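Presented below is the structure to which this report refers.
From a predicted model like this one, the values you see are computed outputs, not experimental measurements.
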Amino acid sequence: MFRFCLQSLFVTPCLVSLLVSLLAALPARAAEPSARSPGSPVTVMDNQGRVLKTLQEPPSKEALAAKAAEEERQREKAKADAEQARKDRILLDSYTTEAEIDLASNRASHALEQQMEIARSYMASLAKRQAELQKRKAELGAKGLPPAEEEELGRLQAEVEAQNVSVMQKKQDLDRVVARYAADKRRWQEISEKQRLARPSAASAAPTK
């Protein structure tokens, strides 16, 4: 019995030493990934805490949809920027000074105002003839106007209404023309100011002697 105990005392340290040697010889084992939020990358580490690699999960449907929407927005913005650049080139090619824009605005406005004045004069003549027929109709009383004059009275009323609509449309056209030229003038001023600031001054551009 005493001999067996002595053997055990010698064998046990040997086994412990052997186990320690085997464990030290084993390759580093990757640590289990910790809890993470969905969609976040997976970091793989060894048992010493060193990062071995990072695994990226495939994007979700929501992420893909958001990316596609952003790309579409960027395409639309690029298209709008190109269209604005085209309009700016036309604007700069059309006018060299603000006075030219004012002159064009005045000409377009004056043309519409003349058309409106002609329409109002025509409406005044229609109203005058209409009043004459209505007066004659009142004088004839129950007898009434002859069929031709009654038809004329109806045509006059329809024409007056049509001219009223025409004058209203021309007034709207005039408002749009004034607003368009005002917007062109503001944009021309903005572009000219940007070009002025971007242009180097004569003093700085001149070579020093």
Legend entry - Trace of the salt bridge (Lys or Arg N to Asp or Glu O under 4.0 Å) decision for Arg176 with Asp173: CA-CA 5 Å; Arg176 282 193 290 267; Asp173 291 341; 2.3 Å; yes
Inset, instruction - Step by step, work out the salt bridge (Lys or Arg N to Asp or Glu O under 4.0 Å) result for Glu70 and Arg73. - result: CA-CA 5 Å; Glu70 177 61 20; Arg73 189 187 70 81; 2.8 Å; yes
Inset, instruction - Show the numbers, then the answer: is there a side chain to side chain contact (heavy atoms under 4.5 Å, CB included) between Gln195 and Leu92? - result: CA-CA 11 Å; Gln195 290 180 340; Leu92 292 176; 3.6 Å; yes
Inset, instruction - Run the numbers on Arg136 and Glu139 for salt bridge (Lys or Arg N to Asp or Glu O under 4.0 Å), then give the verdict. - result: CA-CA 5 Å; Arg136 177 172 164 74; Glu139 291 172 349; 5.9 Å; no
Legend entry - Chi angles and distances behind the salt bridge (Lys or Arg N to Asp or Glu O under 4.0 Å) call for Arg155, Glu152: CA-CA 5 Å; Arg155 288 195 302 271; Glu152 182 184 1; 5.3 Å; no
Inset, instruction - Would you please test Ser94 and Ile90 for side chain to side chain contact (heavy atoms under 4.5 Å, CB included) and show each step? - result: CA-CA 6 Å; Ser94 301; Ile90 294 174; 4.0 Å; yes
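Separating the CD atom in Gln130 from the NZ atom in Lys135 is a distance of 15.5 Å, to the nearest 0.5 Å. Between the CG atom of Leu197 and the NZ atom of Lys194 there is a distance of 10.0 Å, given to the nearest 0.5 Å. For the atom pair NZ (Lys137) and CD (Gln134), the distance works out to 8.0 Å, reported to the nearest 0.5 Å. Of the inter-residue distances, the one linking Lys170 atom NZ with Gln115 atom CD reads 5.0 Å to the nearest 0.5 angstrom. Rounded to the nearest 0.5 angstrom, Lys185 NZ and Glu98 CD are separated by 5.0 Å. Residue Asp184 holds its CG atom at 10.0 Å from CG of Asp88, rounded to the nearest 0.5 Å.
Note on Val167 and Val160: separate hydrophobic clusters, where clusters join Ile, Leu, Val, Met, Phe, Trp and Tyr whose side-chain heavy atoms are under 4.5 Å apart, directly or indirectly. In the hydrophobic clustering of ILVMFWY residues, with side-chain heavy atoms under 4.5 Å counting as a link, Tyr181 and Ile191 come out together. Both Val178 and Ile101 belong to a common hydrophobic cluster when Ile, Leu, Val, Met, Phe, Trp and Tyr are linked at side-chain heavy-atom distances under 4.5 angstrom. A continuous path of Ile, Leu, Val, Met, Phe, Trp and Tyr side chains, each step under 4.5 Å between heavy atoms, connects Leu91 with Val177, placing both in one hydrophobic cluster. Grouping the Ile, Leu, Val, Met, Phe, Trp and Tyr side chains by contacts below 4.5 angstrom, directly or via other members, places Leu133 apart from Met123.
Looking at heavy atoms from C-beta onward, Gln157 lies out of side-chain contact with Leu126 at the 4.5 angstrom threshold. Contact annotation: the side chain of Pro146 approaches that of Glu149 to within less than 4.5 Å [non-hydrogen atoms, C-beta and beyond]. Side-chain contact between Val165 and Gln169 is present, with at least one heavy-atom pair separated by less than 4.5 Å.
For Lys171 and Asp175, the salt-bridge test passes: some basic side-chain N is under 4.0 Å from an acidic carboxylate O. Ion pair Glu132/Arg129 flagged as a salt bridge, since at least one NZ, NE, NH1 or NH2 atom sits closer than 4.0 Å to an Asp/Glu carboxylate oxygen. Between Glu76 and Lys79 there is no salt bridge, since none of the side-chain N atoms of the basic residue sits less than 4.0 Å from a carboxylate O of the acidic one. Between Glu83 and Arg86 a salt bridge is recorded (basic side-chain N to carboxylate O distance below 4.0 Å).
Judged purely by atom type and a 3.5 angstrom limit, Ser166 has no side-chain atom pairing as donor or acceptor with the backbone of Ala162. Side-chain N or O atoms of Glu117 include none that pairs as donor or acceptor with a backbone N or O of Glu113 at under 3.5 Å. Formation of a donor-acceptor pair under 3.5 Å by the Ser125 side chain with backbone atoms of Tyr122 is found in this model. Checking side-chain atoms of Trp188 against main-chain N and O of Tyr95 turns up a donor-acceptor pair under 3.5 Å.
Residues Gln163 and Glu159 bring a donor and an acceptor atom of their side chains to less than 3.5 Å of each other.
With sequence neighbours excluded, no residue forms a salt bridge (Lys or Arg N to Asp or Glu O under 4.0 Å) with Glu71.
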